[in-house]
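Let me begin by presenting the structure, written as C-alpha cells, before commenting on it.
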Amino acid sequence: MALALGGGGVRGYAHLGVLEVLEKAKVSIRGLAGSSAGALAAAGFAFGHKDPYKVHEAIFDPDLARLAQGGGLRVLARLFGGLRRPHLAEAGRLEEGLKALFGDALLEESPIPLAIQAADLLTGEAVVLRRGPVFKAVLASMAIPGLFPPVAWEGRLLVDGDVAEKVPVRAARALFPKVVAVDVSNPPPKEPPRTALEAALLAGEASRRRLKELALKEADLVIALDPPFPIDTFDHGKISLVYQLGQKRAWERLQEVQALAQVRLKDLLPVFLKAGPPPAKGG
C-alpha cells in the first residue's frame with residue numbers, strides 16, 4: 001500500500017508517529033506521497049530520518065517562531081495586515097536544515113518510491129515531483145505562499161502543496177493502487193472572524209477543506225489525527241503531543257491497515273491497469 005501524508009505544520013510530526021507504528025507492525029509500505037509537512041515526513045522516513053525531534057532541530061527557525069508566536073488565523077491576519085513585501089520570511093534556515101538532512105540525495109534514489117507534491121503558484125495545479133534533489137522538492141512543498149518565497153523548478157514557481165490538495169491521494173495512488181490517507185488537519189474554527197482579512201483567510205481555509213474532503217473520498221482508508229483541541233501550525237511545543245497522537249491513531253486503525261496491506265496482487269491488477277504510468281519528470 002501507499003500512504004498519502006497531508007500538510008499541517010507542526011501537526012505533520014504525527015505522520016512519523018503513524019509510520020513508526022506501521023514499521024513496528026511490519027506493514028509493507030510500497031510508496032509515500034507527501035504535501036507540505038507531509039512531504040517532510042515522507043522524505044524523512046524514506047531516507048531514515050525518523051526521529052521527530054532531530055528533524056525539528058534541523059529545520060527549526062527561532063526567528064520565524066517569534067514572528068508567528070501565538071499561531072492561528074488571527075496572528076496571520078496581523079502579520080499580513082499592512083505589509084507589501086512579496087514574502088514575510090526568508091527560507092534560508094529551512095533550506096539549510098533540509099540540505100543537512102538530505103544532502104545531495106535525489107527523489108529517484110529513495111529506498112521507498114517517493115512523490116512530493118507542490119503547487120504551481122501561477123496556475124494552482126498540483127505538481128508531483130518524482131525526480132530531482134530531495135531537499136529542494138521538500139522546500140518547494142513547504143513554501144507557504146506569502147510567508148516563504150516560491151521555489152523555481154523547471155520553469156515553474158512552486159509553493160506549498162496544500163494549495164492544490166492538502167492530502168495527496170492521487171499522487172499516492174500513482175505509486176501503488178491501495179492508499180491510506182493520513183489527515184492531520186485541525187477541526188474547523190468555531191469563532192467568527194473579527195476583521196475582513198480574517199474572513200478572507202477563513203474562506204480560503206473552507207475552500208481547501210472542501211478540496212481535502214473530496215480527495216479523502218478517493219482513499220481506501222483514512223487515518224485522521226482528530227486532535228482534542230486545535231493545534232496551531234507553528235506551535236513547536238506540541239511536537240511530543242502530536243507524535244504520540246499519531247501513534248495512537250495508527251494503533252487504533254492498525255487491523256484495517258494490515259487487512260488492506262495483505263490484499264492479493266491479482267485483486268489489484270485491474271486497479272494497476274486503470275492507474276496507468278507514473279507521472280513524468282516535474283509533474
Side-chain angles (χ1 to χ4, degrees), residues 1-8 12 15 18-19 22 28-43 45-46 107-108 110 112-132 134 137-138 140-143 145 151 153-154 156-185 204-205 207-225 253 256-257 260-261 263 267-283:
M1 72 178 184
L3 270 75
L5 308 181
H15 292 308
V18 171
L19 289 164
L22 299 187
S28 179
I29 298 174
R30 305 292 187 90
L32 288 168
S35 177
S36 195
L40 176 62
F45 186 84
L107 293 170
E108 58 267 33
S110 174
I112 303 172
L114 184 61
I116 302 299
Q117 180 172 285
D120 187 309
L121 178 60
L122 301 181
T123 67
E125 66 181 309
V127 180
V128 180
L129 307 174
R130 298 285 307 277
R131 300 178 62 84
V134 176
V138 176
S141 187
M142 296 179 70
V151 174
W153 187 294
E154 298 184 357
R156 295 178 183 262
L157 287 177
L158 300 184
V159 294
D160 195 312
D162 287 6
V163 170
E165 188 177 69
K166 194 172 184 67
V167 185
V169 174
R170 288 178 296 175
R173 198 173 297 283
L175 299 175
F176 199 77
K178 292 296 180 179
V179 174
V180 173
V182 185
D183 176 25
V184 296
S185 302
E205 284 294 315
S207 177
R208 284 188 287 274
R209 193 178 306 116
R210 175 61 177 161
L211 289 174
K212 180 198 72 175
E213 294 302 327
L214 291 173
L216 292 179
K217 288 181 180 179
E218 300 299 319
D220 297 285
L221 179 66
V222 177
I223 297 176
L225 185 63
R253 307 300 298 274
E256 296 168 86
V257 173
L260 187 66
V263 67
D267 295 330
L268 295 180
L269 186 57
V271 187
F272 268 117
L273 295 175
K274 183 178 180 181
K281 180 180 178 181

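Since this is a predicted model, take the numbers as computed values, not measurements. What's counted below: heavy atoms across the whole structure, side chains too, no hydrogens, waters or symmetry copies. The chain is numbered in sequence order, starting from 1.
- Heavy atoms only, all atoms of each residue included: Ala33 and Ala42 are closest at C-CB, 4.4 Å.
- Rounded to the nearest 0.5 Å, atoms CG (Leu5) and CZ (Phe45) are 10.0 Å apart.
- Closest heavy-atom contact between Ala181 and Val167: CB-CG1, 3.8 Å.
- Not counting sequence neighbours, the partners of Asp160 by the side-chain hydrogen bond (donor to acceptor under 3.5 Å, both in side chains) test are Ser36.
- Side-chain N/O atoms of Lys212 and Ser185 include a donor and acceptor closer than 3.5 Å.
- Taking the salt bridge (Lys or Arg N to Asp or Glu O under 4.0 Å) definition, one finds that Glu213 meets it with nothing, sequence neighbours left out.
- For Ala118, the side-chain contact (heavy atoms from CB on, under 4.5 Å) test picks out Ala140, Leu158, with sequence neighbours left out.
- Taking CG of Leu107 as the start and CG of Leu129 as the end, the distance is 6.5 Å to the nearest 0.5 Å.
- Between the His15 side chain and the Leu40 main chain, no donor and acceptor come within less than 3.5 Å of each other.
- Residues Gly132 and Glu108 come closest through the heavy atom pair N-OE1, 2.9 Å.
- Residues passing the salt bridge (Lys or Arg N to Asp or Glu O under 4.0 Å) test with Glu218: none are found, sequence neighbours excluded.
- Here OG of Ser141 is found 10.5 Å from CH2 of Trp153. Values are rounded to the nearest 0.5 Å.
- Residues passing the side-chain contact (heavy atoms from CB on, under 4.5 Å) test with Leu221 are Val180, Arg253, Glu256, Val257, Leu260, sequence neighbours excluded.
- For Gln117 (side chain) and Glu165 (main-chain N/O), a donor-acceptor pair under 3.5 Å exists by modelled atom type.
- Here the side chain of Ser35 pairs a donor or acceptor atom with the backbone of Asp162 at under 3.5 angstrom.
- Taking all atoms of both residues into account, the shortest heavy-atom contact from Val138 to Ala43 is CG2-CB, 3.8 Å.
- Residues Val184 and Gly7 share a closest heavy-atom pair of CG2-O, 3.4 Å.
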(request) Would you please test Val159 and Leu157 for side-chain contact (heavy atoms from CB on, under 4.5 Å) and show each step? (result) CA-CA 7 Å; Val159 294; Leu157 287 177; over 6 Å; no
(request) Give the intermediate values and the outcome of side-chain contact (heavy atoms from CB on, under 4.5 Å) for residues Leu3 and Val182. (result) CA-CA 7 Å; Leu3 270 75; Val182 185; 4.3 Å; yes
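- Atom CG of Leu214 and atom CG of Leu216 lie 9.0 Å apart (nearest 0.5 Å).
- Taking CG of Leu175 as the start and CG of Leu32 as the end, the distance is 8.0 Å to the nearest 0.5 Å.
- Every residue two or more places apart in sequence or in another chain that forms a salt bridge (Lys or Arg N to Asp or Glu O under 4.0 Å) with Asp220 is listed here: Arg173, Lys178.
- Separating the CD atom in Glu125 from the CG atom in Asp120 is a distance of 5.5 Å, to the nearest 0.5 Å.
- Between Leu22 and Met1 there is a side-chain heavy-atom pair separated by less than 4.5 Å.
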